[in-house]
Amino acid sequence: MNNHNDYTQMMRESIAGVSGLAAGRTRYLRALTAMSRVAAVYAGGVGKDDRHQRHCRGADILAALCRRNGAFWVKAAQFFSCRPDVLPQEYIEAFQALQNDAAPVSFARIEKVLRKSWGRDWRERFRWIEETPVAVASIAQVHRARLEDGTDVAVKVRLPGVSKLFEQDAKVFQVLAAIAAPRFREFDLKQAIEQLLIMTAMELDFRNEAANTRRFSRQPHHDRIRIPDLIDGLCSERILVTSWEQGQRLRNHLDANPEQAKDLLSVLLTSYLQQVTRFGVYQADPHPGNFLVNDQGQVVILDFGAIGVLTPDQVRRYSRLLYGLMGFEGEVDIGELFVQAGFKGGSPETLKELALFVLTDKVNQQGPVAAMGELMQRFREERISIPDSYIGISRVLITLGGFLMSYQVPFDWTPPEQRRVPSKGAAE
């Protein structure tokens, strides 16, 4: 089952029964309580004067719920923190503050996964493996190791029991979406949660991440972008092994070397503009923790559990739309570009008016990425249907834009082929 339809069916079958609700009843009851409190916050009419306060209160309740339930719930909050098409800004800001503080799993439990995948003699493949993980996330943790041939590698292991936990929480999320949707018609929660569940179901099988890594690596990246090498013979459904990439987390490196922010973030931004508007294949989780800086001045991109894939036609239409909005396409009909890109529910004139109103009013005040986020929010308020693939692109660019803003680096929309990125030698 390696295609999208197979995984959609797998996800639906895995949550079809009520066993998930029974097994996850504590998190489910906690969630129902939180949803009741949110419903009470919005009870009665919501005027312009108190809308902001109600959104803030509702966001605080749900953020606290996700923090307490942990794991997939934190992952969901992070997913929705980049969805201004679904949630108001107050929720976006509350969810952005959540971090995944997952506790490491003991190596004794990890070793059972290694033995099941590689056999009882699995240690013969390695000179050593560090039992303390170097990174821990909601579905996996990473251990550094050295193969018998001397190659240093990163061993990413799916956490024991995480698939069963996902089945339980997936059912809870679908029930909550069904409960919440009629109350909050302003939010398209059911569609967004379906996307989140499908994405997570695919991420749980590391064979997909291996395939994504291969596909992404085949693109003609700039020489200052580095992608880890796969160790094919050791990868499986539960384990992903790649070359160990020496380097410092990008955020830590920039905090220690702020004078390099413009150079390194320009490399990263150019890469993502290439991925989205030229390659049609992009890393869909630009979390700051997924970037390293190595001694050669390269930006190392990690984690390909989720990638976005666009058809050649989508690449052409979205490129024209993005660069048309930012003035790189000359005289164009912005409203018509939205229609051609698959936006539905408004006339070209309405789409153009909304885009021009937001962009002309906000670009100079907040920058183009913040303006894009507000434009998505206005579309949501006007009940304009946004293509799923465009939502994915916007989520990536808005997240990346926030990262640039934190280091006061302007988001330069210049098309990739018109940009000048220093080579490794020049950067050094």
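Note that this is a predicted model, so its numbers are computed, not measured.
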Contacts of Y272 that satisfy ring-ring contact (aromatic ring centres under 6.0 Å, His included) - sequence neighbours left out
none
Who pairs with F72 by ring-ring contact (aromatic ring centres under 6.0 Å, His included), at least two apart in sequence or on another chain?
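ring-ring contact (aromatic ring centres under 6.0 Å, His included) list for F72, sorted by chain: F166, F173.
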Y282: which of V309, I393, I307, T277 passes side chain to side chain contact (heavy atoms under 4.5 Å, CB included)
I393
Heavy atoms, side chains only, cut-off 4.5 Å: are [X] and [Y] in contact?
X    : Y    : result
I239 : L234 : no
L254 : L265 : yes
I301 : L292 : no
I384 : K344 : no
R27  : L165 : yes
V172 : W73  : yes
P228 : T213 : no
H221 : I227 : yes

Nearest heavy atoms of [X] and [Y], plus distance in Å:
X    : Y    : answer
G58  : V41  : N-CG1, 4.4 Å
A103 : V136 : O-CG1, 3.8 Å
V74  : C66  : CG2-O, 3.5 Å
T414 : L273 : O-CD1, 3.8 Å
D232 : R214 : OD1-NH2, 2.8 Å
R249 : L302 : NH1-CD1, 3.8 Å

Salt bridge flag under 4.0 Å for residues [X] and [Y]:
X    : Y    : answer
R57  : D60  : no
K352 : E349 : no
R278 : E417 : yes
R158 : E237 : yes
R251 : D255 : no

What's the spacing between [X] [atom1] and [Y] [atom2] if we round to 0.5 Å?
X    : Y    : atom1 : atom2 : value
L321 : F338 : CG    : CZ    : 5.0 Å
T200 : I193 : OG1   : CD1   : 11.0 Å
M199 : E194 : CE    : CD    : 12.5 Å
K171 : L197 : NZ    : CG    : 11.0 Å

Side chains of T270 and Q274: any donor to acceptor distance under 3.5 Å?
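No, because no side-chain N or O of Q274 sits under 3.5 Å from a partner of the opposite role on T270.
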With a 3.5 Å cut-off and no angle check, do the side chains of Q298 and N294 form a donor-acceptor pair?
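The criterion, which ignores hydrogens and geometry beyond distance, is satisfied for N294 and Q298.
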Taking the six-membered ring for Trp, are Y42 and H55 parallel (under 30°), tilted (30 to 60°) or perpendicular (over 60°)?
tilted
Anything under 30° is parallel, anything over 60° is perpendicular, the rest tilted; go ahead and classify Y91 against F95.
perpendicular
Is the NZ or CZ atom of K156 both under 6.0 Å from the centre of the six-membered ring of F206 and within 45° of that ring's axis?
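Yes, K156 sits over the ring of F206.
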Side chain to side chain contact (heavy atoms under 4.5 Å, CB included) between R30 and L65: does it pass, once the steps are laid out?
CA-CA 7 Å; R30 191 181 292 146; L65 167 69; 3.8 Å; yes
I'd like to know whether the aromatic ring centres of H287 and F403 sit less than 6.0 Å apart in this structure.
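Centroid distance H287-F403: not below 6.0 Å, so no.
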Run the salt bridge (charged side-chain N to carboxylate O under 4.0 Å, His left out) check on K75 and E203 step by step: do they pass?
CA-CA 12 Å; K75 185 179 183 67; E203 287 183 17; 2.9 Å; yes
